[in-house]
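Scroll down for the structure; my scribbles are underneath it.
Since this is a predicted model, take the numbers as computed values, not measurements. Atoms considered below: every heavy atom in the structure, side chains included; atoms not considered: hydrogens, waters and symmetry mates.
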Amino acid sequence: MTASYRLIDYSIRPAKHAERKMLCEAFRRLAKFGAVEHYQYVGFGAIWFADFTLFHRALGINRMFCIEREIEHRHRFEFNRPFGGIELMFGHSAQELPKINWTNRTICWLDYDDPMSLSILGDARTVAAVASSGSAFVVSLQAQNKPLYEDDEGTFREVENIEKFREVYGAARSPEGLTERNFTGWRTSRLYRDMIVAEIEEALRVRNLGLQPGNRIRFRQIISMEYADGARMATIGGIFVEEGQEATFRFCDFEGLPFHRSDNDALRIEIPKLTPKEMREIEKLLPTPDVDTLVCDPSPPSDAKAFARLYRYLPSFASFDI
């Protein structure tokens, strides 16, 4: 597969930008577990390192691990690394994730270019098996295409039908009532988020077998998002919480976030089609306790409301006459 950073500048995609800003706001609330600047960050940086730059500048996180599978482009990654605190780890995530010291509280965002695969589920299982209480875990993946499998020749292909899906992923990962419709449109996004959460829960079930009551770990979901800057994308995220730290989790007040989702009713990030002047006029009316009553003629009502819900997280736009 062609590395997506060769095709897309991830630093300027507007929906991805909004998602990144929302995640940053959520991560700030982890301070109840411990100073966020003492967390470590694990992610995939590509050559843009947009997430790393934001989380270092906004959250003060210095210890960062960037996993990159495009080993042949190592020199370019090293050249574009923005901060000395970022440790580059070259290899597949399945090999590199276990090398990290997960006893430290961690913010881990595995932001994949690819659709669902067994390796993505394996990474989710790896993190869930070792992450410490108070750690945040977010998974994003492409939801435009059907799940992948590796054929006998080592080529990745999409599952052709439900039967092939069950053969590759197993009955335990096949939701009840699964049909071909689950592989179409935004239904694929929901399916992938459900599969990630189920994999995390199964890993925690096994992990908790060896733990005493009070020390057992739960995954408390706080994020469910989907968007399409091009291909449809799905994101699911939450916090690993030891039973004895449930009160600490509640004090974080993730429910107070306007984009909080504890179920799979995802927030769909839709970028409003407005001019910079229209945006400025709407901002004069914000914030407002009731977005649904917002009127800002001549902006289309649906776009004005969409902007009002997301304006704090959207990139800044400007127009120039030449």
Side-chain angles (χ1 to χ4, degrees), residues 1-23 43-51 54 66-70 73 92-93 108-124 137-150 155-162 164-165 168-169 173 175 178-197 199 223-237 259 261 264-273 303 306 310 313-315:
M1 298 180 184
T2 302
S4 66
Y5 70 82
R6 308 269 323 256
L7 305 174
I8 303 168
D9 183 346
Y10 282 91
S11 66
I12 60 174
R13 292 165 61 197
K16 171 63 73 175
H17 179 100
E19 177 185 55
R20 192 181 293 120
K21 295 288 287 291
M22 284 187 268
L23 289 177
F44 306 144
I47 60 171
W48 311 105
F49 292 96
D51 311 334
L54 175 63
C66 177
I67 300 173
E68 294 300 339
R69 66 184 180 185
E70 305 294 332
H73 301 141
H92 196 281
S93 51
C108 179
W109 183 11
L110 301 183
D111 189 3
Y112 299 93
D113 307 328
D114 307 322
M116 180 61 72
S117 67
L118 289 174
S119 62
I120 290 177
L121 294 176
D123 288 346
F137 184 37
V138 180
V139 176
S140 298
L141 69 166
Q142 191 242 86
Q144 186 78 23
N145 300 103
K146 293 180 179 180
L148 300 178
Y149 72 97
E150 190 173 3
T155 301
F156 283 94
R157 302 183 182 279
E158 294 182 17
V159 296
E160 295 86 358
N161 48 48
I162 297 298
K164 187 64 179 180
F165 176 86
V168 173
Y169 288 87
R173 295 193 182 104
L178 183 70
T179 69
E180 291 288 344
R181 285 173 57 83
N182 293 102
F183 298 139
T184 61
W186 288 110
R187 298 180 189 87
T188 308
S189 173
R190 174 177 287 272
L191 171 65
Y192 287 177
R193 292 192 304 272
D194 281 340
M195 291 177 68
I196 293 293
V197 171
E199 203 73 17
I223 297 290
S224 180
M225 300 180 185
E226 57 191 20
Y227 60 90
D229 279 323
R232 287 186 292 271
M233 298 292 294
T235 293
I236 194 80
F259 48 84
R261 297 290 188 278
N264 206 354
D265 183 17
L267 168 69
R268 187 171 301 167
I269 304 173
E270 296 179 315
I271 304 302
K273 296 178 176 61
D303 286 315
L310 294 174
Y313 312 108
L314 292 172

**Report entry** Non-hydrogen atoms of V139 and W109 that approach each other most closely
**Finding:** N-CD1, 4.5 Å

Query raised in the report: When you look at E226 and M233, which way does the side chain to side chain contact (heavy atoms under 4.5 Å, CB included) test go after all the steps?
Result: CA-CA 5 Å; E226 57 191 20; M233 298 292 294; over 6 Å; no

Report task. Tell me, with the steps shown, if L121 and R173 meet side chain to side chain contact (heavy atoms under 4.5 Å, CB included). Result -> CA-CA 10 Å; L121 294 176; R173 295 193 182 104; 3.5 Å; yes

**Report entry** Ring center gap for Y149 and F165 short of 6.0 angstrom
**Finding:** no

Report task. Please check if any side-chain donor atom of N182 sits under 3.5 Å from a side-chain acceptor atom of R187, or the reverse. Result -> no

Query - CA sep, side-chain torsions, deciding dist, call: R193, S224, side chain to side chain donor-acceptor pair (under 3.5 Å) - result: CA-CA 8 Å; R193 292 192 304 272; S224 180; 3.0 Å; yes

Report task. Would you check if the side chain of R190 reaches a backbone N or O of N264 as a donor-acceptor pair within less than 3.5 Å? Result -> yes

Query raised in the report: Would you find a donor on one side and an acceptor on the other, under 3.5 Å apart, between the side chain of E19 and the backbone of M225?
Result: no

Query - Gap between atom CH2 of W186 and atom CG of L191 - 0.5 Å precision - result: 14.0 Å

Requested in this report: Please round to the nearest 0.5 Å and tell me the distance separating atom CZ of F183 and atom CD1 of I162.
Outcome: 4.0 Å

Query raised in the report: Going from CG on D51 to CG on L23, what distance comes out if it is rounded to the nearest 0.5 angstrom?
Result: 8.5 Å

Query raised in the report: Do P147 and E158 touch side chain to side chain, with heavy atoms closer than 4.5 Å?
Result: no

Query raised in the report: Where do R157 and E150 land on the salt bridge (Lys or Arg N to Asp or Glu O under 4.0 Å) test, with the steps shown first?
Result: CA-CA 6 Å; R157 302 183 182 279; E150 190 173 3; over 6 Å; no

Requested in this report: Establish, from distance only, whether the side-chain atoms of S93 and R69 form a donor-acceptor pair under 3.5 Å.
Outcome: no

Requested in this report: I would like to know whether L310 and F259 meet side chain to side chain contact (heavy atoms under 4.5 Å, CB included); could you show each step before the answer?
Outcome: CA-CA 9 Å; L310 294 174; F259 48 84; over 6 Å; no

Report task. Considering non-hydrogen atoms only, spot the tightest contact between Y169 and S117 and give its length. Result -> OH-CA, 3.2 Å

Query raised in the report: Ignoring hydrogens and geometry, is there a side-chain-to-backbone donor-acceptor pair from E68 to F44 under 3.5 Å?
Result: no

Query raised in the report: When you look at M116 and L141, which way does the side chain to side chain contact (heavy atoms under 4.5 Å, CB included) test go after all the steps?
Result: CA-CA 7 Å; M116 180 61 72; L141 69 166; 3.7 Å; yes

Report summary line: Distance col, row R13:CZ vs D229:CG, nearest 0.5 angstrom, shows 4.5 Å

**Report entry** Over all atoms of both residues, closest heavy-atom pair of G230 and Q144
**Finding:** O-OE1, 4.4 Å

Query - Qualifying residue for side-chain contact (heavy atoms from CB on, under 4.5 Å) with I269, from K16, M22, H17 - result: M22

Query - Between Q142 and D114: side-chain donor-acceptor atoms closer than 3.5 Å - result: no

**Report entry** Inter-residue atom distance I196.CD1 - I236.CD1, 0.5 Å rounding
**Finding:** 9.0 Å

Report task. Check T235 against V138 and note the closest heavy-atom contact, atom names and distance. Result -> CG2-CG1, 3.6 Å

Report summary line: Interatomic distance, CG@D265 vs CZ@R261, rounded to 0.5 Å, equals 6.0 Å

